[in-house]
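The structure under discussion appears below in the form of structure tokens.
Numbered from 1 within each chain, the chains take letters A, B, ... in sequence-line order.
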Amino acid sequence: MLAISLLSPPYATLSYATPAWLDISVWKCGQRVIVPLGKGGMLRAGIIVSIDDSSVKDGVVLKECLWPAEREPLLQPEYLAMVKQLALRHVVTEGEVLGGLLPAGLRTTKIRLRVLDGGKPRTMAMRDVANMSDIERCSLGVLWASNAVEVLDSTFDAEEQELCSLLEDPPWSVRPSAKRQIEVLDFLYDKGMLSRKRLLQELGSGVSAALNTLAERGLIRIGPREEGTCEACQDDDPECFFEADEGFVLYPEQQTVFDEFSALMHADGARSALLYGITGSGKTVVYLELAAEALANGRSVMLLAPEVALACKLEHAVHSRFPSQDCFFYNGYQSPTEREKTFRTLAERTAPCIIVGTRSALFLPSPTLGLIVLDEEHDTSFKQDEGLVYQAKEVAYYRAQQSNGLLLLGSATPDVKTFHAVQQKAVSMGVMRERAGEGELPEVSLLNIKNMKRADGILAAETKRQIRETVERGEQVVILLNRRGYSPLMYCLDCGQVARCPHCEVGLTYHKERERLICHYCGYSVTYPVVCSKCKGLHYLPMGEGTEKLEEYLAEILPPDTKILRLDRDSTRRPGKMQRILDAFANQEAQVLVGTQMLSKGHHFPNVTLAVVADGDLGLNLPDYRAAERTFQLLVQASGRAGRGEKAGRVLIQTRDPEHYCWQFVGSADYDGFYAEEIERRRKRKYPPFVKLALVRVSYPLDWRKGMEWVESLTEIARALGKEHNVRVLGHTPSPLPVLRGRKRFQWTLKSDGWVSIRTLYYAMRKAVPRGSKLRLSLDIDPVNML
DNA sequence: CCTATTAGGTCC
DNA sequence: GACCTAATAGGT
């Protein structure tokens, strides 16, 4: 009997009989197989998770497993153990975990068998095999046993390989009457690079002609991805100053830390360590030297960064340091084909190698890992909170432990939880407090803008003066504003109504370049001007500012020949665009760079002497116990942007809340001080790491009248069980975004001493909801994003 | 009383 | 997710 986890709905683990048409030795744990499901005999792909002869409960007649999708199993027992662990932890099925982890090509039933029995080669789909008589299947089984049948993997349609990407930014240079073309362009702008197939699927096959026209006129490119180029940086990174083929001379501080960690890596048992090094202290060099050591011991290395661009930098560094070493690059933005290829290659590989990528790379099968590095470990991107929920740090910890390797977390502003673990002696720590280059830490000053009127715009007079002076000196300025678009609120001048998203009840953001109002939560958009839903008026007053407006405003107040660049999600839609903007700024083609927080991470501009944080409080008012931590981390990272060259840098932070406790520490980048204060607050208010905290989210369609009843009865269940299991249940409360994508949303906050009781409670709540209900329930263990 | 729609439950 | 079945509303 085979226990098989299905890789698509219902994602259950079901038992199947071993069929007569194949020898029992064909079936192996971790193997991909094709099975029938339901009365219609639909086909599903699954993974064998165990093989035994225990029986199922009475009345269930086992179906037979149809055919293996491969001869040797894709997944090793350790991998399956990890999947099981994740499923238990997040109270989901193994099928849901596997379905969320495997590249699309490894989850499909669309494989074909090729029969080479001496006659004319035949190929057949799995459907054909299912329709055969038992006798035919048996003879096919004989051929399989004699290796006369091979599996042809779902060669994706040619259309799947034709990737469409934009070559221009909005506004589009097409006739306004070309509705189809505009539809395609807007869609690509929103979703990024897409295959022709998906495009036709989503927009209807009617857009086919529009696609061709656009390609001909050079507005889009259709074709396979160019080999060897990566999404984020299309050419060589100017910062790759690593000498090929030899190690570095480490600074004394780096050497000390390296020696400590190297000893740790060779020790036995579970080991995790924190590399606490200020910005510019040269953490990457330490990672690479440790990697060299792991490889020398015949063990593989994983290097993970919070986002693609940073992972890309790491990859360049790896290539320079280890020119002849196999290095695999993996991230969620690669095409399914590309990801599948890497997954398969690594599943078979036994020789040590280096894997570089973002959080999703953590789920690649790999040869025994000696070292896993999470750079910028405090970054919230390491948590996936949509679809399959996981915290990369925990998965990394598990994998490191499983393979007896070292987990190394690196940051200048560690996660409070991680630092607490260091204090508890659960994690070792190495400290680097010196900048490896010349640069001195910048001088940080706060600017109180509490009394500034809205009409004055977002920059205080003093800020404007400093920006102007810096530009006039021929130096560069970086300005951070965590709000993209032109203006986040549009007031109707006739009735005072704010333009809102019909699906989410949040204000629509005006994007001037595209002449559109856009919902930043669900992507809904309408062309501007639009009639007011209440009074049918057409006159709006844009209130508040986003990066687009700030860029425009700066052009007005700065000398006319000043070049200004903008870096946010809108200006970087096209592949390679982000790198081009960063390069242009690094080459001093512009004096000012305006951007959202994507700018604060890891980039390095020697001539920047002033960094301005336009709205320092933006994060502080979020309904999240980590608001202060987040703000502190962001601002210290941002401060690191100024003064990385020879000239001294200054950082100017505008705030309406200068009394807040986090500012005194931001100024001197005093992490230790901040930590001491923050941990005391958490102890007093009973927040993690002193309790386990989870969020149960629920949502239902706006028009479903029974929804509220259900939520109320779930609260009762939670309360009753909470008392019994010593879990504090707060809620139900409307989510911070009470309506999203046309669904009403509520949440419960659960606090407890242990995860087990929280899971028990959630499990009971979910059991109360019938499957297939309009109610969607999900558990977020240790949420990173309270929205 | 018949049929179109929908809510609930199962899939091994 | 797709499909089957039972329950229900709405129409004749």
Determine whether A:V727 and A:T760 make a side-chain contact, defined as any pair of heavy atoms from C-beta on separated by less than 4.5 Å. no
Does CZ in A:R728 sit with more than 12 non-hydrogen atoms of other residues, nucleotides or ligands closer than 6.0 Å? no
Give the table of side-chain donor-acceptor pairs shorter than 3.5 Å for residues 736-744 of chain A, with sequence neighbours excluded, one pair per line with atom names and distance.
residue : atom : partner : partner atom : Å
A:R741  : NH2  : A:Y521  : O            : 3.4
A:R743  : NE   : A:S699  : OG           : 2.9
A:R743  : NH2  : A:S699  : O            : 3.1
A:R743  : NH2  : A:S699  : OG           : 3.4
A:R743  : NH2  : A:K774  : O            : 2.9

Given a 3.5 Å cut-off on both pairing distances, which stems involving DNA chain C, each at least three consecutive Watson-Crick or G-U pairs, are present, if any? B:1-11 with C:1-11
Distance, rounded to the nearest Å, where A:I4 contributes CD1 and B:dC11 contributes P: 16 Å
Listed pairs, N/O of protein and of nucleotides 7-9 of chain B, under 3.5 Å:
residue : atom : partner : partner atom : Å
B:dA7   : OP2  : A:K774  : NZ           : 3.0

Could you tell me if A:R339 and A:N331 have a donor-acceptor pair between their side chains, going purely by distance under 3.5 Å? no
Of all pairs that satisfy side-chain hydrogen bond (donor to acceptor under 3.5 Å, both in side chains), the ones with a partner from residues 18-38 of chain A, not counting sequence neighbours: A:D23-A:S25, A:K28-A:E72, A:R32-A:E70
Which ones in residues 35-47 of chain A lie close to DNA chain B, meaning a heavy atom under 4.0 Å from one of its atoms? A:L37, A:G38
A:F746 meets the ring-ring contact (aromatic ring centres under 6.0 Å, His included) criterion, sequence neighbours left out, with A:H732
If you take the centroid of each ring, where Trp contributes its six-membered ring, are A:Y390 and A:F363 closer together than 6.0 Å? yes
Could you tell me if A:E716 and A:S713 have a donor-acceptor pair between their side chains, going purely by distance under 3.5 Å? no
So does A:E340 pair up with A:R344, basic N to acidic O under 4.0 Å? yes
Salt bridge check: are A:R697 and A:D780 linked by an N-O gap of less than 4.0 Å? yes
